[in-house]
Amino acid sequence: MGDIQALRGTRDILPDEVGYWQRVEAVARDILGKAAYREIRTPIFEQTELFERGIGEATDVVGKEMYTFTDRGDRSITLRPEMTAGLVRSLIEHKLYATGNVQRLWCVGPVFRYERPQAGRQRQFHQLDVEVLGSADARADAEVIALATDLLQTLGLKSLTLDLNSVGTPADRQDYRAALIDYFTPYSAELDDDSQNRLTRNPLRILDSKHERTKEIVQAAPSILDYLSSISQQRFEQVQQRLTDLGIAYQVNPRLVRGLDYYTHTAFEIQSADLGAQATVCGGGRYDGLVTELGGPETPAIGWGLGMERLVLLLQKLQPSGGSTVDFYVVSKGDRPEAQALVVTQTLRRLGFAVELDLSSSAFGKQLKRADRSGAAACLILGDTEAENGTVQIKWLASGDQQAIAQTDLPDLANDLRRQVTAAAAAVLA
RNA sequence: GCGAGCGUAGCCAAGUGGUUAAGGCAGUGGAUUGUGAUUCCGCCAUGCGUGGGUUCGAGCCCCAUCGUUCGCCCCA
C-alpha cells in the first residue's frame, strides 16, 4: 500500500462501478429532458456568504460542516455543501428569471460536507439536483416529485417510501414553534441533551429525534398541520390531490422537518430501508423565500437533491453484476498478423462494433482464453496463414463455429455480423 | 464532535505469543511451440494499515496514529 491515499471521506469511483453512475445519469438526462428541464453547471466553490445567507447560519450544514478557506486574494471561499444556493445565485446573476416565466433546471456534481464518514455518507459526495423556479402552482410540486419517483422507478428500485409534509409559511412556523416550546418545556429535563439544546435554537428538529424517551414525548406533541393557515392548508391539500391524480403513493408525516432553513410549504423525503441510518435517497421541498433572500425578485420555487452514492448503493444491491462487454475480441501472433489485426480492429470499430485487441503476443491458447473471459460474442483470429491470404478467422465463442472471411469483405458483412452479435447477446441473457 | 467494532496479497480469507504466514478466487508460465471447457504442474506476502512499546520470541498483547464499518449527530 502506498503512502498517499484518498482523503478521508472521499472515494474513487473505479471502472467496475462507473457503469451504475452512467446509467443513472443517462436515465436522468432522458427523463428530465422529456420534461423540458435544462442542465446547468455552476462552480464548485462560491463566496462563503452565499451559503450563510441562503442555507441559514444556524443550521449544522453551515455552522459546522462547511469546507471554508481563505484564498490567495483573502476571499472567504466555501466548497458548496449543496446545489440550490449556487443555482439560485446563477439565476439571479444572469437574470434567467427574465427570459421566461418558469425555469426548469437540473444539475449533477460533487458537494462537500465535513462530517464523520459512514456507509452512505462521505465528505465529498454527488447530488443530482432538480429545481423549478418561478411557479407557486401545486402542479409544480407534484411534477417535481413525480420526476423523482419516475427516475427511481425506471432504475428498477422498489420498496421506497415517500414522506410528505408541509412546513407552511414562516409565519405559520413561528406560531408552531411557540407551541412546541410551550409543549416541550415542562419535559425539558427528560429530553436528551441534543434536544434540550434544540429547544431554544430549533425546536422543530426535536421532532425527528431517535432518542427513546424523546420519541415518547414527541408522540403527543402538537402537529404542524394544526398550525397551518387556511391558505397553507389548502395548498397542502392541493399538492396531495395532484399526487393522487398521478398515482403516486405517499404518506403524510407531520414530523418531517428538513435541515435547511429555506424550506416553506411542501417538504418531502424518499427513503429506503436498505441503507441503514442514512436512509434518505432524495429530499427536497419548496423554498419560496430563497430567491429574494439572495437579492433576486420574488420567485417561488421547489426542488430536490438526490444522493448519487446512496442511489448507486441501492442499484448495486439490486443488480450485483453489471459489466460492459465487447462484441469482438481480436487475437493475433507474429509481425504481419499483429499489424493486420490492428487494422482489422480499427475497421470493425468504425463499423460500429465494440472491439478489444489483445496486445500480448502470447500463445493463441492464452489469447483465446482471454477472449472467452472478455464476454465477446466472437473472437477474430489472425495468424501467419491469414496474414498471407488476407483473411481472418471468425470464431463464435458460444457455438465454436469458425470460418475464414476476407478482411476486405468486413464492411459488406457488417449487417450480417451485427445480427449474429445481437443473437449471441440475446442467447446469453436467455 | 461522541460511543463501539474491524484492518493479513488485486479480492475473499485461516491464523488468538513459539521456529519457513493455511486455503480459495483472480493473475501468470508450462503440460498443449495455431484455438477458449475440464484437469495437472510451477510461480505469485522476508510480509500481517502505520509508528512505538512489552517479551528470549509479536500477525496475535499494550499505546498512539491513520483508514474503515455500525450507531449518535447530521443529511443526500
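Heavy-atom basis, side chains included; hydrogens, waters and symmetry copies ignored. Bear in mind the structure is a predicted one, so any value in this text is a computation, not a measurement. Chain letters run A, B, ... following the sequence lines, proteins first and then strands; every chain starts at 1.
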Visitor: Rounded to whole angstrom, note down the P distance from rU54(B) over to rC6(B).
Guide: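 It works out to 25 Å between them.
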Visitor: Residues in ring-ring contact (aromatic ring centres under 6.0 Å, His included) with Y176(A), at least two apart?
Guide: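 For Y176(A) the ring-ring contact (aromatic ring centres under 6.0 Å, His included) partners, ignoring immediate neighbours, are Y227(A).
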Visitor: Taking the nucleotide of RNA chain B with the closest heavy atom to each, which residue, L382(A) or G120(A), is nearer the 5' end?
Guide: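 It is L382(A), whose closest nucleotide lies nearer the 5' terminus.
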Visitor: Given the C1' atoms of rG30(B) and rA21(B), what is the spacing between them in whole Å?
Guide: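 My reading of the C1' atoms in rG30(B) and rA21(B) gives 27 Å.
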Visitor: Rounded to whole angstroms, how far apart are NZ on K210(A) and P on rC75(B)?
Guide: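 K210(A) atom NZ is separated from rC75(B) atom P by 11 Å.
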Visitor: Whole angstroms only, please: what is the CG-P distance between D358(A) and rG36(B)?
Guide: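 Going from D358(A) (CG) to rG36(B) (P), I get 14 Å.
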Visitor: So which nucleotide from rG30(B), rU68(B), rU35(B) ends up closest to the side chain of L368(A)?
Guide: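 Out of rG30(B), rU68(B), rU35(B), the nucleotide with an atom closest to L368(A)'s side chain is rU35(B).
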Visitor: Determine the Euclidean distance between corresponding P atoms of rA13(B) and rC70(B); express it in Å to zero decimal places.
Guide: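 It comes out at 15 Å once rounded to the nearest Å.
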Visitor: Base, sugar-phosphate or nothing for G284(A)? Non-hydrogen atoms, less than 4.0 Å.
Guide: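 Here G284(A) touches no strand at all.
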Visitor: Would you mind pulling out the nucleotide paired to rA76(B), Watson-Crick or G-U wobble, both distances under 3.5 Å?
Guide: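 Base partner found: none.
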Visitor: So if I take every side-chain heavy atom of R310(A) and compare against rC74(B), rC75(B), rG29(B), which nucleotide ends up nearest?
Guide: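 When the side chain of R310(A) is considered, rC75(B) is the closest of rC74(B), rC75(B), rG29(B).
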Visitor: Between rG15(B) and rG49(B), how far apart are the P atoms? Round to whole Å, please.
Guide: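 Nearest-Å result for rG49(B) against rG15(B) at atom P: 16 Å.
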Visitor: Does any donor atom in the side chain of T68(A) or T78(A) lie under 3.5 Å from an acceptor atom in the other side chain?
Guide: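 Yes, T78(A) and T68(A) have a side-chain donor paired with an acceptor closer than 3.5 Å.
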Visitor: So Q271(A), base contact, sugar-phosphate only, or nothing? Heavy-atom distance under 4.0 Å.
Guide: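 Nothing: the residue Q271(A), judged by heavy atoms under 4.0 Å, touches no strand.
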Visitor: Report the nucleotide, chosen from rA76(B), rC73(B), rC70(B), that has the shortest atom-to-atom distance to any side-chain atom of A119(A).
Guide: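 Within the option list, the nearest is rC70(B).
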Visitor: Reckon R198(A) has a side-chain N or O less than 4.0 Å from the OP1 or OP2 of rC74(B)?
Guide: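 Yes, R198(A) has a side-chain N/O under 4.0 Å of OP1/OP2 on rC74(B).
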Visitor: Go through the side-chain N and O atoms of R235(A) and S232(A) and say whether any donor and acceptor fall under 3.5 Å apart.
Guide: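 No pair is found: no donor N or O on one side chain lies under 3.5 Å from an acceptor on the other.
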Visitor: Nearest-Å distance, CG (L14(A)) to P (rA26(B))?
Guide: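 Spelled out: CG on L14(A) to P on rA26(B) is 20 Å.
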Visitor: When the C1' atoms of rG36(B) and rU68(B) are compared, how many Å lie between them, rounded to an integer?
Guide: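 The answer is 40 Å between these two C1' atoms.
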Visitor: Any luck finding a side-chain donor-acceptor pair between S135(A) and D137(A) under 3.5 Å?
Guide: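 Their side chains do not contain a donor-acceptor pair, so the 3.5 Å distance test is not met.
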Visitor: Under a 3.5 Å cutoff, is there a donor and acceptor pairing between the side chains of Q122(A) and Q124(A)?
Guide: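 No, no side-chain donor-acceptor pair sits under 3.5 Å.
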Visitor: Tell me the interatomic distance from E269(A), atom CD, to rA76(B), atom C1', rounded to whole angstroms.
Guide: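 E269(A) atom CD is separated from rA76(B) atom C1' by 9 Å.
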Visitor: Which part of the nucleic acid does G9(A) contact within heavy-atom distance under 4.0 Å: base, sugar-phosphate only, or nothing?
Guide: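 The residue G9(A) makes sugar-phosphate contact but no base contact.
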Visitor: Identify whether any heavy atom of R373(A) sits under 4.0 Å from a base atom; if not, whether one sits that close to sugar-phosphate; answer base, sugar-phosphate or nothing.
Guide: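 The residue R373(A) makes sugar-phosphate contact but no base contact.
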Visitor: With rounding to the closest Å, how many angstrom separate the P atoms on rC62(B) and rU55(B)?
Guide: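 To the nearest whole Å, 16 Å.
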Visitor: Write down the atom of F364(A), the atom of G383(A), and the distance for their closest heavy-atom approach.
Guide: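 Minimum heavy-atom separation between F364(A) and G383(A): CZ-CA, 4.0 Å.
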Visitor: Is the glycosidic torsion of rG29(B) within 90° of 0, making it syn, or is it anti?
Guide: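 That one's anti.
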Visitor: Any side-chain donor-acceptor pair under 3.5 Å between E143(A) and Y37(A)?
Guide: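 Checked: E143(A)/Y37(A) side chains pair up, N/O donor to acceptor below 3.5 Å.
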Visitor: If we call it a pair only when both distances are under 3.5 Å in a Watson-Crick or G-U wobble match, what pairs with rC2(B)?
Guide: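 Across any shown strand, rC2(B) pairs with rG71(B).
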Visitor: Tell me which nucleotide, if any, is Watson-Crick or G-U wobble paired with rG42(B) when both distances must be under 3.5 Å.
Guide: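 Paired with rG42(B), as far as the under-3.5 Å criterion goes, is rU28(B).
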Visitor: Just the rounded figure in Å: distance from C1' of rG36(B) to NZ of K333(A).
Guide: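 So the two atoms are 16 Å apart, to the nearest Å.
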Visitor: Please give the nucleotide sitting opposite rG36(B) as a Watson-Crick or G-U wobble pair, both distances under 3.5 Å, or none.
Guide: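 The base-pairing partner of rG36(B), which may sit in any strand shown, does not exist here.
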Visitor: Could you measure between the two P atoms, the one in rA76(B) and the one in rG59(B), and give it in whole Å?
Guide: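 Result for the P pair: 47 Å, nearest Å.
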Visitor: Looking at rG36(B), does its base get a donor-acceptor pair with the side chain of K395(A) below 3.5 Å?
Guide: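 Indeed there is one.
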Visitor: Any side-chain N or O of R8(A) less than 4.0 Å from the OP1 or OP2 oxygen of rG67(B)?
Guide: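 The answer is yes; a side-chain N or O of R8(A) sits under 4.0 Å from OP1 or OP2.
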Visitor: When both hydrogen-bonding distances must be under 3.5 Å and the geometry is Watson-Crick or G-U wobble, what is rG23(B) paired with, if anything?
Guide: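 Across any shown strand, rG23(B) pairs with rC12(B).
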Visitor: Without decimals, in angstroms, what is the distance between E65(A) CD and rC75(B) C1'?
Guide: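 Interatomic distance, CD of E65(A) to C1' of rC75(B): 7 Å.
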Visitor: Is any side-chain N or O of R205(A) closer than 4.0 Å to OP1 or OP2 of rC75(B)?
Guide: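 Affirmative; the distance criterion is met.
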Visitor: Quick one: is rG71(B) close enough that its OP1 or OP2 comes under 4.0 Å of any side-chain N or O from Q118(A)?
Guide: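 The answer is yes; a side-chain N or O of Q118(A) sits under 4.0 Å from OP1 or OP2.
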Visitor: Looking only at atom C1', what distance separates rG24(B) and rA45(B), rounded to whole Å?
Guide: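 It comes out at 16 Å once rounded to the nearest Å.
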Visitor: Quickly work out the R123(A) CZ to rC74(B) C1' distance and round it to whole Å.
Guide: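 Rounded to whole Å, this separation is 13 Å.
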Visitor: Return no unless some side-chain N or O of R116(A) is found under 4.0 Å from OP1 or OP2 of rC75(B).
Guide: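 Negative; the distance criterion is not met.
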Visitor: If pairing requires Watson-Crick or G-U wobble contacts with both distances under 3.5 Å, which nucleotide is the partner of rU55(B)?
Guide: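 Pairing partner: none.
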Visitor: Could you check D192(A) against E309(A) and say which one's nearest nucleotide on RNA chain B is further toward the 5' end?
Guide: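 It is D192(A) whose nearest nucleotide is closer to the 5' end.
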Visitor: Would you say Q240(A) and Y250(A) are linked by a side-chain donor-acceptor pair, where the criterion is simply a distance under 3.5 Å?
Guide: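 Side-chain D/A pair, Y250(A) to Q240(A): present.
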Visitor: What is the distance, rounded to the nearest whole Å, between atom CD of Q402(A) and atom P of rG34(B)?
Guide: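 Taking CD of Q402(A) and P of rG34(B), I get 14 Å after rounding.
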